[in-house]
Amino acid sequence: MSQLERLNETYHEHHHRDRSRDFVWGGPERAGPLQRAVGGAGKRILDVGCRSGALTRAYLAGNEVIGLDADRAALAEASELGIETVWADAEEPLPFEDASFDVVVLAELLEHLREPDRLVSEARRVLRRGGTITGSVPNAYRLKNRLRFLAGEPIESNPTHLHLFRPQDVRALLGDFESCLLEYVAGRFVPLHPRLVPNAIVFSARKPG
């Protein structure tokens with residue numbers, strides 16, 4: 001069995017065991033910042049880790065969207081939305097030409113990768129000058145996780161998560177980009193503290209023009 005086939009099995013189970021087709025973790029809160037980062041219609045967008053396209057709907061209208069994922073069944077659902085799908089491993093070089101996209105979306109993906117910096121480098125390669133990279137990662141050091149640590153419990157229960165990201169880690173990962181913006185979202189108590197309480201960090205930055 002190939003690595004891609006193993007990933008297909010792993011993420012098919014992960015996506016479909018306890019989640020509905022349209023489930024998006026923190027979706028409503030992440031959709032707005034991602035939509036703003038995309039910046040409207042007329043874009044050619046690569047959505048890496050698009051799953052079924054449930055979140056992609058926020059920036060699909062008026063854009064040409066190509067969705068890449070290892071979960072073949074999820075991609076079949078994404079294609080029903082009009083997303084052009086590619087079955088591939090995000091750990092491998094992206095199967096696209098240099099400077100071929102206006103936007104690359106990496107939403108709730110980088111924490112799953114062995115070497116997230118390699119994918120960010122690939123995203124930079126396939127982006128056009130002035131193009132946008134955007135996405136999100138879990139806010140790993142949020143208060144809830146710190147309390148778990150103090151209680152002697154694992155702060156990360158998802159076995160597919162390989163990395164924990166702080167805001168400074170995200171900025172460092174995007175070091176070859178310009179105008180890096182971080183937004184802290186998702187959770188009922190976000191207004192209480194802009195960085196300690198939110199469940200997710202949404203990021204956006206531009207490839208130098």
Side-chain angles (χ1 to χ4, degrees), residues 22-51 53-63 65 67 90 101-113 116-117 119-124 126-128 130-148 155-156 158 160-209:
D22 294 325
F23 173 83
V24 180
W25 183 79
E29 295 93 339
R30 289 192 292 124
L34 291 174
Q35 190 176 51
R36 290 193 296 273
V38 167
K43 306 290 187 356
R44 188 166 193 255
I45 301 171
L46 173 61
D47 192 342
V48 186
C50 69
R51 200 164 66 90
L55 182 60
T56 316
R57 292 172 177 170
Y59 39 87
L60 179 60
N63 292 309
V65 180
F101 291 93
D102 301 299
V103 181
V104 174
V105 180
L106 311 174
E108 301 303 302
L109 173 66
L110 295 172
E111 66 275 10
H112 296 270
L113 305 182
D117 56 313
L119 177 58
V120 171
S121 179
E122 277 291 285
R124 190 178 190 279
V126 302
L127 274 172
R128 295 167 180 151
T132 298
I133 183 172
T134 187
S136 60
V137 294
N139 184 17
Y141 295 91
R142 60 192 182 270
L143 180 61
K144 180 167 60 177
N145 285 357
R146 296 185 190 201
L147 294 175
R148 286 174 177 166
I155 66 171
E156 183 50 77
N158 188 328
T160 67
H161 286 190
L162 305 180
H163 290 274
L164 302 175
F165 287 99
R166 302 168 298 170
Q168 54 265 49
D169 297 325
V170 178
R171 291 188 185 278
L173 200 58
L174 300 174
D176 291 334
F177 291 82
E178 298 177 339
S179 305
C180 180
L181 174 67
L182 304 184
E183 296 187 53
Y184 303 89
V185 303
R188 290 179 296 171
F189 303 109
V190 169
L192 296 179
H193 196 289
R195 293 180 57 174
L196 189 59
V197 178
N199 290 312
I201 304 169
V202 179
F203 60 83
S204 62
R206 289 189 294 106
K207 180 177 177 178

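Since the model is a prediction, treat every value here as computed from it, not as a measurement. Throughout, residue positions are numbered sequentially from 1 according to the sequence presented. The figures that follow rest on heavy atoms only: side chains count, while hydrogens, waters and symmetry mates do not.
Although no hydrogens or angles enter the test, the distance criterion places no donor-acceptor pair under 3.5 Å between the side chain of D102 and the main chain of G131. Within the 3.5 Å criterion, the main-chain N or O of L113 finds a donor-acceptor partner in the side chain of H163.
Going from atom CG of L127 over to atom CZ of R44 covers 11.5 Å, rounded to the nearest 0.5 Å. Atom CG of L181 is separated from atom CZ of R36 by 9.0 Å, given to the nearest 0.5 angstrom. Taking CG of L34 as the reference point, atom OG1 of T134 lies at 4.5 Å (rounded to 0.5 Å). To the nearest 0.5 Å, atom CG of residue L109 and atom SG of residue C50 are 10.5 Å apart. Atom CZ of F203 is separated from atom SG of C180 by 8.5 Å, given to the nearest 0.5 angstrom.
Pairing each heavy atom of V120 with each of L174, the nearest pair is CG1-CD2, 4.3 Å. The nearest pair of heavy atoms linking P208 to F177 is CD-CA, 4.4 Å. Taking each heavy atom of A90 and L119 in turn, the nearest pair found is O-CD1, 3.8 Å. For the residue pair V202 and V185, the shortest heavy atom distance occurs at CG2-CG2, 3.7 Å. A pairwise comparison of heavy atoms in R124 and K207 identifies O-NZ, 2.9 Å as the closest pair. Between I201 and F165, the shortest heavy-atom contact is CD1-O, 4.4 Å.
Contact of the D47 side chain with the F101 side chain is not registered, since no non-hydrogen atoms from C-beta on lie closer than 4.5 Å.
Under the side-chain contact (heavy atoms from CB on, under 4.5 Å) criterion, Q35 pairs with no residue, sequence neighbours left out. With sequence neighbours excluded, the residues satisfying side-chain contact (heavy atoms from CB on, under 4.5 Å) with N63 are V38, A41, K43, I45, V65. Annotation: side-chain hydrogen bond (donor to acceptor under 3.5 Å, both in side chains) contacts of E111 (sequence neighbours excluded): none. Contacts of A123 classified as side-chain contact (heavy atoms from CB on, under 4.5 Å), with partners at least two apart in sequence or in another chain: V104, I133. Under the side-chain contact (heavy atoms from CB on, under 4.5 Å) criterion, L162 pairs with R114, sequence neighbours left out.
Legend: salt bridge (Lys or Arg N to Asp or Glu O under 4.0 Å) pairs involving residues 165-179, not counting sequence neighbours, sorted by first then second residue: R166-D169, E178-R206.
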In sequence, state the C-alpha distance, the side-chain angles, and the governing distance for V105 and L46, and then conclude on side chain to side chain contact (heavy atoms under 4.5 Å, CB included). CA-CA 6 Å; V105 180; L46 173 61; over 6 Å; no

Test log, rule side chain to side chain contact (heavy atoms under 4.5 Å, CB included), inputs V170 and V137: CA-CA 8 Å; V170 178; V137 294; 3.8 Å; yes

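Comment: R30 does not engage E183 in a salt bridge, judged by the lack of any side-chain N to carboxylate O separation of less than 4.0 angstrom.
Of the N and O atoms on the side chains of N199 and Y184, not one donor lies less than 3.5 Å from an acceptor on the other residue.
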